[in-house]
Amino acid sequence: MNHKFFKLYEKMVCIIALSGNTIYLFQAFKIWQTKSSHDVTFIGFAISALSTTNWLIYGFLIKDKPLFISNLFGFINAIICLSIIYIYS
């Protein structure tokens, strides 16, 4: 595989993964704004956070920077979201 293409694709995947992990922040902001997590399932976000945590660990173990960085961002956002869900439950 072409090295330049691979590096470019790696950057693109990292950007896409980072943007995908912003879902936690959007949900946390909405809960904070309405001061209610009544319509949000804690267990659903907890399962998603567990998945993100496992991908984070896997990215660390195989030393894959895009995988690690994007899931570190997701992990932090998941903790924020779960905390907001808990506070406003």
Side-chain angles (χ1 to χ4, degrees):
M1 182 183 287
N2 183 334
H3 183 70
K4 282 185 178 182
F5 173 77
F6 182 76
K7 285 297 187 184
L8 179 63
Y9 188 73
E10 188 176 57
K11 288 178 184 178
M12 185 183 75
V13 167
C14 192
I15 291 168
I16 291 168
L18 285 170
S19 63
N21 280 320
T22 61
I23 188 67
Y24 295 110
L25 292 180
F26 288 118
Q27 186 63 64
F29 178 74
K30 184 67 174 176
I31 293 167
W32 174 77
Q33 193 177 38
T34 63
K35 306 292 189 241
S36 172
S37 64
H38 176 72
D39 294 329
V40 179
T41 171
F42 184 86
I43 191 81
F45 276 94
I47 290 169
S48 181
L50 181 62
S51 174
T52 300
T53 303
N54 280 293
W55 280 110
L56 170 68
I57 293 167
Y58 181 67
F60 175 78
L61 292 175
I62 66 169
K63 296 176 179 40
D64 185 311
K65 280 187 181 180
L67 189 62
F68 178 77
I69 291 169
S70 63
N71 284 291
L72 178 61
F73 181 70
F75 174 76
I76 293 166
N77 292 342
I79 295 301
I80 292 168
C81 185
L82 290 171
S83 298
I84 295 289
I85 291 171
Y86 178 76
I87 291 168
Y88 289 106
S89 61

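In this chain, numbering begins with 1 at the start of the sequence shown.
Listed by first and then second residue, the side-chain hydrogen bond (donor to acceptor under 3.5 Å, both in side chains) pairs involving residues 42-64 are Y24-S48, Y24-T52 (not counting sequence neighbours). Note on residues 72-89: no pairs pass salt bridge (Lys or Arg N to Asp or Glu O under 4.0 Å), not counting sequence neighbours. Contacts classified as ring pair (Phe, Tyr, Trp, His ring centres under 6.0 Å) and involving residues 28-50 (residues at least two apart or in different chains) are given here: F29-W32.
Side-chain contact between F68 and I62 is absent, with no heavy atoms from C-beta onward closer than 4.5 Å.
In this structure a side-chain-to-backbone donor-acceptor pair under 3.5 Å is missing from N21 to N77.
Interatomic distance, S70 OG to K65 NZ, rounded to the nearest 0.5 Å: 13.5 Å. In this structure, N2 CG and Y9 OH are separated by 14.5 Å, a value rounded to the nearest 0.5 Å. Within the model, atoms CG of L56 and CD1 of I69 stand 11.0 Å from one another, a figure rounded to the nearest 0.5 Å.
With sequence neighbours excluded, no residue forms a salt bridge (charged side-chain N to carboxylate O under 4.0 Å, His left out) with K35.
Cluster note: I15 groups with no other residue, as no ILVMFWY side-chain heavy atom lies under 4.5 Å from it.
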Which pairs of donor and acceptor atoms, one on a side chain in residues 80-89, lie under 3.5 Å apart (sequence neighbours left out)?
unit_1	atom_1	unit_2	atom_2	d
S83	OG	I79	O	2.7
S89	OG	Y86	O	2.8

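In L61, the CG atom is crowded: over 12 heavy atoms of neighbouring residues, nucleotides or ligands sit closer than 6.0 Å.
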Worksheet item: How far apart are the C-alpha atoms of K7 and E10, what are their side-chain angles, what is the distance that settles it, and do they pass the side chain to side chain contact (heavy atoms under 4.5 Å, CB included) test?
Response: CA-CA 5 Å; K7 285 297 187 184; E10 188 176 57; 3.4 Å; yes

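Heavy atoms only, all atoms of each residue included: I16 and S19 are closest at O-OG, 2.8 Å.
In the hydrophobic clustering of this structure, L72 does not group with V13; members are Ile, Leu, Val, Met, Phe, Trp, Tyr whose side-chain heavy atoms approach within less than 4.5 Å, directly or through other members.
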